[in-house]
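Okay, structure first, notes after.
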Number of protein chains: 2
Amino acid sequence: MQADATSQPTTGKPRRRRARAGEGARLRQEILDAADRLLRETGSEAAVSIDAIAGAVGCTPPAIYLHFADKRSLIREVCERYFAQFADVLNDAAAQATDPLESLAARGRAYVQFGLEHPEYYRILFMHRPDEGASQHDLARVRANAAFDDQERAVQRCIDAGHFPPGTAHNIACALWASTHGMTSLLISKPGFPWPPLNEFVELMLAHGLGFIIADRTHGAG
Amino acid sequence: MQADATSQPTTGKPRRRRARAGEGARLRQEILDAADRLLRETGSEAAVSIDAIAGAVGCTPPAIYLHFADKRSLIREVCERYFAQFADVLNDAAAQATDPLESLAARGRAYVQFGLEHPEYYRILFMHRPDEGASQHDLARVRANAAFDDQERAVQRCIDAGHFPPGTAHNIACALWASTHGMTSLLISKPGFPWPPLNEFVELMLAHGLGFIIADRTHGAG
DNA sequence: TGTACATCAGTGAACGCGCGTTCACTGATGTAC
DNA sequence: TGTACATCAGTGAACGCGCGTTCACTGATGTAC
């Protein structure tokens, strides 16, 4: 009830210090960070409104438009940061294994795990309807292709190592993506469904995706 | 330009005849039909507003509330009708084949096809965040379980026929669902991606899902 | 067979909310002279 | 070393839109007497 006599208004959030001339770009970073934090913490894209971001940063909504053309640009930029992180995590996981097949499996495990850890991002990036507007210049799409290309190369290495029969790495990479994406997105959308225990489910999917080709080899078909 | 002098207002859509006493339930059906049509034709859930539905039916928005408690109930009911149709299509497809394994594959093909034919419904039913509100009494969930149970029984028949090794039909059914869902939802969300040709993609996924167990059998493992 | 009345099936207008966004303005900071 | 001025980094208030929903009212239809 008693209003704080200092510079702050009654809201608990302290208003941030105004940036010095030349340091305006700092707010830009803080806005991106706040949007990122809101997205992760609330787990709801709807909670990440311009007002909410401004509130979290400690500035007013119009200040955001000094640094971003519109909300979509802002969200897109946040997603791009996330996506780069996603690709790195997958590559790191893959790098742990020496065997190309095990490496590919590690990618799959990391994919599901990362998706489940950041469901709201996963929704935005992989489960939303495509933006009509940003068809060509969509950086997220370029990055998605980059991450997919990593996957495709991983498949190719399995083919080269003789784990997979020769064939189109592209199609196999698509199928594996569909498998991991199917798991991840269903677990996100239907959390109440009686799924198998996570680890078991992941390994079953990997067995389905990778296993039949292995079986083909293991049993020495002729 | 010239206003029609008859009973209609200037809008092209004729206003519907008022139902006679006792026939009020007719509007209810027309509302469901209109919402269904809008959902299929526009391919956008956002386009299916109360105003749009009222416009399509030829009544006023408040009239909708004479028959539905709120918008969510309306949409849910429309989805239930769709879902019943979905389950029927899958069962019909499965019934075409005599071999349990081929029957299961037919389910998978029909699943993807039906999802792609009604992407907006597919989004709502399988790609949306779960309603917090309707956790227990969610009929759509019950129906989803029913459709899944059909799938699980189909898997069990494959096990019984010796196509699959004994094991938990439930887990395999989950994995197959994840496969077909992964394909369907990615094709819906990323239409611009260079996917394999649809048929090829479906068969590859089915081979991944069903094939490795078949391979296990085909090659006569000991 | 006519009439008063209840009810059923709606209408018209508006509310309230949240959202993204814009407009006119401000006030501190740095700089030329 | 002081001062006028430009600029940078914001603020405060409001707009406009679309949406779901509500409220008070209406007018045709059926029915009891």
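Order of the sequence lines sets the chain letters (A, B, ...), proteins ahead of strands, with each chain counted from 1. Quick caveat, the model's predicted, so the values are computed rather than measured.
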- Closest to side chain of Ile50(B), choosing from dG12(C), dT21(D), dG10(D): dT21(D)

- Item | Watson-Crick or G-U counterpart of dT1(C), or none if no pair lies under 3.5 Å | none

- To the nearest angstrom, how far is Phe68(A) atom CZ from dG20(C) atom C1'? 15 Å

- Query: Step by step, would you call Tyr111(B) with Leu90(B) a side-chain contact (heavy atoms from CB on, under 4.5 Å)?
  - Reply: CA-CA 7 Å; Tyr111(B) 184 103; Leu90(B) 296 190; 4.0 Å; yes

- Message: In whole Å, I'd like the distance from the CG atom of Asp51(A) to the P atom of dT11(D).
- Response: 13 Å

- Please give, in whole Å, the distance from dA9(D) P to His67(A) NE2? 7 Å

- Task: Please report, rounded to the nearest Å, how far the P atom of dC19(C) is from the OH atom of Tyr65(A).
- Result: 12 Å

- May I have the distance from Leu66(A) (atom CG) to dT7(D) (atom P), rounded to whole angstrom? 17 Å

- Can you check the Ile64(A) CD1 to dT21(C) P distance for me, whole Å? 10 Å

- Leu74(B) CG to dC19(D) C1': how many Å, rounded? 15 Å

- Message: Would Ser189(B) and Met127(B) count as a side-chain contact (heavy atoms from CB on, under 4.5 Å) here? Give the steps.
- Response: CA-CA 10 Å; Ser189(B) 291; Met127(B) 299 167 72; 3.2 Å; yes

- Query: When you measure from the side chain of Pro62(B), which nucleotide among dA13(C), dT21(C), dG20(D) comes out closest?
  - Reply: dA13(C)

- Of the nucleotides dG10(D), dG20(D), dG10(C), which has the atom closest to the Lys71(B) side chain? dG20(D)

- Query: What is the distance from CD1 of Ile53(A) to P of dG18(C), rounded to the nearest Å?
  - Reply: 17 Å

- Task: Among dT21(D), dT21(C), dG10(D), find the nucleotide with the atom closest to the side chain of Asp70(A).
- Result: dT21(C)

- If pairing requires Watson-Crick or G-U wobble contacts with both distances under 3.5 Å, which nucleotide is the partner of dG20(D)? dC15(C)

- Assign the ring pair His118(B) / Phe114(B) to parallel, tilted or perpendicular, where the plane angle (0 to 90°) is split at 30° and 60°. perpendicular

- Query: Does His128(A) have its ring centroid less than 6.0 Å away from the ring centroid of Tyr122(A)?
  - Reply: no

- Across every strand shown, the nucleotide meeting Watson-Crick or G-U wobble geometry with dC25(C) (both distances under 3.5 Å) is dG10(D)

- Query: Do Tyr121(A) and Asp36(A) have a side chain donor and acceptor closer than 3.5 Å?
  - Reply: yes

